[in-house]
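Take a look at the structure set out below.
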Amino acid sequence: METLHYRFPGQHDLTERDHLALVGVVASGNLEVLIEPTPLDGAMEIEVITSATGFDTIWQAVLADFAARHPLRNVRLSINDAGATPAVVSLRLQQALETLQEGDAA
């Protein structure tokens, strides 16, 4: 198991939300994403726990792309990975963000 930590500057604040979003499952070739608003001095923090070691460069690229498209501030993402491909990672991140935003409409 490997644990990776990333921090990106953000622009869009999520601290006014009082809920979190959990999507995906920890299963072979998949992953689980938890996204939760929390005060982080304007940053987005991401922690990845993965069974596939040695892919930190790929994680950096996928997460930097997400952060560039969605510059969230004051949000923490926790990812539990079981060997998901970059496409699945991007899908789950987008799904978590949409789930959080759907909670705003509820």
Side-chain angles (χ1 to χ4, degrees):
M1 297 295 280
E2 185 171 16
T3 301
L4 308 170
H5 298 275
Y6 301 94
R7 186 175 174 97
F8 300 96
Q11 297 174 356
H12 305 293
D13 206 341
L14 295 180
T15 52
E16 71 277 0
R17 290 164 173 82
D18 61 354
H19 55 277
L20 50 87
L22 177 65
V23 298
V25 295
V26 182
S28 180
N30 209 332
L31 72 145
E32 173 185 74
V33 176
L34 172 67
I35 182 170
E36 54 187 327
T38 188
L40 292 170
D41 294 324
M44 173 172 39
E45 290 184 353
I46 304 173
E47 178 183 74
V48 179
I49 299 174
T50 180
S51 60
T53 61
F55 292 93
D56 50 323
T57 303
I58 294 171
W59 278 105
Q60 173 69 34
V62 171
L63 297 175
D65 177 67
F66 177 79
R69 288 184 291 117
H70 305 287
L72 306 173
R73 55 185 280 131
N74 297 321
V75 66
R76 177 175 293 121
L77 287 87
S78 302
I79 300 173
N80 295 309
D81 173 55
T85 65
V88 172
V89 173
S90 294
L91 173 73
R92 289 288 181 232
L93 289 169
Q94 186 65 38
Q95 184 182 25
L97 182 57
E98 289 173 5
T99 299
L100 186 69
Q101 292 169 337
E102 286 171 4
D104 290 343

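Just so you know, these numbers use all the heavy atoms, side chains as well, and skip hydrogens, waters and symmetry mates.
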Distance-only check: which donor-acceptor pairs under 3.5 Å involve side-chain atoms of residues 84-97, not counting sequence neighbours?
residue	atom	partner	partner atom	Å
Thr85	OG1	Val88	N	3.4
Ser90	OG	Pro86	O	3.3
Arg92	NE	Asn30	OD1	3.1
Arg92	NH1	Gln95	OE1	2.6
Arg92	NH2	Asn30	OD1	3.3
Gln94	OE1	His70	NE2	2.9
Gln94	NE2	Glu98	OE2	3.2

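For the atom pair OG1 of Thr50 and CD of Glu47, the computed distance is 12.0 Å after rounding to the nearest 0.5 Å. With rounding to the nearest 0.5 angstrom, the NE2 atom of His5 is 12.5 Å from the CZ atom of Arg7. Atoms CG and CE, on Asn74 and Met44 in that order, are 11.0 Å from each other to the nearest 0.5 Å. The structure places CG of Asp41 at 9.0 Å from CZ of Arg73, a figure rounded to the nearest 0.5 Å.
Cluster membership check: Val33 does not share its hydrophobic cluster with Val25, using side-chain heavy-atom separations under 4.5 Å among Ile, Leu, Val, Met, Phe, Trp and Tyr. Val26 and Leu77 are members of different hydrophobic clusters when ILVMFWY side chains are connected at heavy-atom separations under 4.5 Å.
The two residues Ala68 and Pro71 come nearest to each other via the heavy atoms O-CD, 3.9 Å. Minimum heavy-atom separation, Tyr6 to Asp56: OH-O, 3.2 Å. Pairing each heavy atom of Ser78 with each of Glu36, the nearest pair is OG-OE2, 4.4 Å. Closest heavy-atom contact between Phe8 and Ala67: CG-CB, 3.6 Å. When every heavy atom of Ser51 is checked against every heavy atom of Ala82, the shortest pair comes out as OG-CA, 3.6 Å. Of all the heavy atoms in Ala52 and Glu2, the pair that sits closest is O-OE1, 4.1 Å.
Each of Ile79, Asn80, Val23 was compared with Leu31 under the side-chain contact (heavy atoms from CB on, under 4.5 Å) criterion, and only Ile79 meets it. Under the side-chain contact (heavy atoms from CB on, under 4.5 Å) rule, Leu20 has a single partner from Val75, Leu34, Thr99, which is Leu34.
Using a 4.5 Å cut-off on side-chain heavy atoms (C-beta onward), Trp59 and Ile46 make no contact. Two residues are said to be in side-chain contact when any heavy atoms from C-beta on lie closer than 4.5 Å; Leu4 and Leu63 fail this criterion.
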